[in-house]
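To start, the structure under review is shown below, and the notes come after it.
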Amino acid sequence: MTKAVSILGSTGSIGKQTLEVCTELGIKVAALTAHSNVELMEQQVRQYHPQLAVLYQLEAALELARRLSDVDVKVVYGLSGVIEAAELPESDTVVTAVVGMIGLQPTLAAVRLGKRVALANKETMVCAGELVMDAAHQYGAEIIPVDSEHSAIFQCLQGCRNRSEVKRMILTCSGGPFFGLSREEMSQKTCADALCHPNWSMGAKITVDCASLMNKGLEYIEAMRLFDVPPEQISVVIHRQSIIHSMVEYRDGAVLAQMGTPDMRLPVRYALTYPNRAISALPPLDLLSCPPLTFQAPDLEAFPCLQMAMMCAKTGGTSCTVLNAANEAAVGRFLREEISFGQIPDLVERALQTVPVISTPALEDILEAEQRARECAER
Ligand code: NDP
Ligand code: MG
């Protein structure tokens with residue numbers, strides 16, 4: 001079990017819930033990092049006493065250092081600061097809960113030191129999953145998924161001694177706020193409409209990804225990388241109630257599902273306590289008051305982002321990096337109200353058509369593909 005953590009993205013939705021779990025379980029907080037939220041970072045440092053606090057943005061870090069001049073904490077900035085938090089010898093586990101591909105290099109740094117990585121940051125797996133998993137094998141690092149679907153699959157795989165017995169992994173998907181709409185009906189939806197998720201409260205970027213089903217597409221690629229399964233063995237099923245978090249079908253026909261009330265503290269807690277399970281104060285799942293559980297096929301025509309992600313999963317290489325980077329840029333533009341919801345898949349498609357694919361990329365190729373895709377979607 002985890003003794004001390006570095007939390008990358010501590011001021012975000014997953015980061016804050018991780019801090020709650022650390023308090024519950026008595027886990028020491030060694031380092032905290034965020035982008036620029038000085039206010040909340042100051043509060044967190046005063047409450048959790050990490051030895052290192054990082055803000056990515058220089059001005060924000062300077063302001064934080066000024067405010068914390070009475071506290072014994074080292075304050076640094078930039079990507080090198082986030083990597084320093086990931087590498088801190090005092091933490092045995094790194095929770096990567098930053099949003100976006102910025103999580104890649106800090107995750108790799110933790111993996112190369114053989115640390116446990118509790119991975120929420122799916123963009124890292126999508127962009128460079130093979131590289132990260134190869135490094136994890138090489139350095140003996142454990143990567144424990146925090147994304148609820150992957151945590152569910154990971155839990156359903158416990159006790160499986162022979163992976164060839166797994167026939168299929170079934171990712172469940174809430175369908176998001178635009179479930180049942182046509183592509184035309186969705187195209188003019190606003191930020192406020194997209195930010196209204198039926199079952200989960202999360203950061204803005206992932207909430208928009210849930211509305212376009214790009215989130216499920218990224219999770220499809222994430223599952224393929226994390227569990228080393230070909231895309232043909234992964235399917236997606238719409239399950240509006242988010243009670244079943246995902247399933248594994250075995251070759252004898254048995255289907256194992258992990259169920260629970262939708263609450264990210266459960267997968268966070270499991271990633272920190274694995275292979276053990278800690279007592280939790282969360283309300284238990286009350287099956288008798290659950291709505292009926294329903295399942296439907298996703299509408300790939302209405303949600304082209306999911307379809308493009310499934311195609312990239314098959315193509316592999318840097319196509320997944322391009323998909324992710326173009327989507328990050330497009331969602332950023334949508335959140336700044338520069339483009340409509342319907343333009344998100346258009347920009348991703350343009351980047352996929354423009355940036356050439358490298359099939360077995362090194363880290364530099366991935367970073368370059370990311371840059372080119374981003375530029376293409378920013379135009
Ligand atoms: P939020 O937007 O709520 O939080 C993002 C965090 O990352 C903030 O702490 C932010 O700091 C920090 N951050 C952003 N950019 C940088 C940077 N350049 N350097 C350092 N820190 C940075 O996101 P979520 O918590 O919702 O999501 C985090 C990750 O977890 C995403 O990859 C998401 O896909 C994944 N995830 C989230 C789930 C959820 O329920 N929220 C569920 C499953 C997966 P600041 O506050 O200063 O901007
Ligand atoms: Mg998820």
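Bear in mind that the values here come from a model prediction, so they are computed numbers and not experimental data. By convention here, the first residue in the shown sequence is residue 1. What you see below is based on every heavy atom in this structure, not just the backbone, and it leaves out hydrogens, waters and symmetry mates. Counting starts at 1 for both ligands and their atoms, in listed order.
The side chain of Ile206, and not its backbone, has at least one atom closer than 4.0 Å to an atom of ligand 1 (non-hydrogen atoms only; side chain from C-beta on). When heavy-atom distances to ligand 1 are checked against a 4.0 Å cut-off, Ala120 comes that close through both its backbone and its side chain. Contacts between Ile102 and ligand 1 below 4.0 angstrom, taking non-hydrogen atoms only, involve the side chain exclusively.
Checking Asn162 against Ser164 by side-chain atom types alone, a donor-acceptor pair falls below 3.5 Å. Counted by atom type alone, Thr321 and Glu370 present zero donor-acceptor pairs between their side chains at under 3.5 Å. There is a side-chain donor-acceptor pair under 3.5 Å between Asp286 and Ser289. Between the side chains of Glu185 and Ser182, at least one donor N or O lies within less than 3.5 Å of an accepting N or O.
Heavy-atom proximity to Lys122, at under 4.0 Å, picks out these atoms of ligand 1: 32 (O), 34 (O), 44 (C). Near Thr11, meaning under 4.0 Å from any of its heavy atoms, are these atoms of ligand 1: 8 (C), 9 (O), 10 (C), 11 (O), 45 (P), 46 (O), 47 (O). Those atoms of ligand 1 with a heavy atom of Gly12 less than 4.0 angstrom away are 1 (P), 3 (O), 4 (O), 8 (C), 9 (O), 25 (O). Of all atoms in ligand 1, numbered sequentially from 1 with element shown, those under 4.0 Å from a heavy atom of Asn37 are 46 (O), 47 (O).
Ranking the protein heavy atoms by distance from atom 43 (C) of ligand 1 puts Asp147 OD1, 3.1 Å first. Atom 5 (C) of ligand 1 has as its closest protein heavy atom Val99 CG1, 3.8 Å. Nearest protein heavy-atom contact of atom 7 (O) of ligand 1 is Val98 CA, 3.4 Å. Atom 28 (C) of ligand 1 has its closest protein heavy atom at Ala97 O, 3.2 Å. Nearest protein neighbour of atom 25 (O) of ligand 1, counting heavy atoms only, is Ile14 N, 2.9 Å. Atom 21 (N) of ligand 1 has its closest protein heavy atom at Ala34 C, 3.2 Å.
Atom CD of Gln158 is surrounded by more than 12 heavy atoms from other residues, nucleotides or ligands within 6.0 Å.
Here the straight-line distance linking atom CD of Glu219 with atom CD1 of Ile206 works out to 6.5 Å at 0.5 Å rounding. One finds the CZ atom of Arg225 at 10.0 Å from the CG atom of Asp134 (value rounded to the nearest 0.5 Å).
Checked against Val355 for a side chain to side chain contact (heavy atoms under 4.5 Å, CB included), the options Gln371, Arg374, Arg372 give a single hit: Arg372.
In this structure, of Ser36, Gly203, Ala85, the residue bringing a heavy atom nearest to atom 24 (P) of ligand 1 is Gly203. When the options His35, Arg265, Met202 are ranked by their closest heavy atom to atom 22 (C) of ligand 1, first place goes to His35. The option with the heavy atom closest to atom 41 (N) of ligand 1, from among Ala60, Ser10, Ser13, is Ser13.
In terms of modelled atom types and a separation under 3.5 Å, the side chain of Asp147 and the main chain of His150 share no donor-acceptor contact.
By the 4.0 Å N-to-carboxylate-O rule, Arg66 lies close enough to Glu63 to be salt-bridged with it.
Shortest non-hydrogen contact noted between Ala271 and Arg116 is O-NH1, 2.9 Å. The two atoms that bring Leu19 and Ser10 nearest to each other are CD1-O, 4.1 Å, heavy atoms only.
Geometry at the Mg ion (ligand 2): OE1/Glu149 and OD1/Asp147 form an angle of 100°, nearest 10 degrees.
The shortest heavy-atom distance from Glu123 to ligand 1 is under 4.0 Å.
In Glu219, the N, O or S atom that comes nearest to the Mg ion (ligand 2) is OE2.
Looking at Ala204 next to ligand 1, no N or O pair under 3.5 Å apart turns up.
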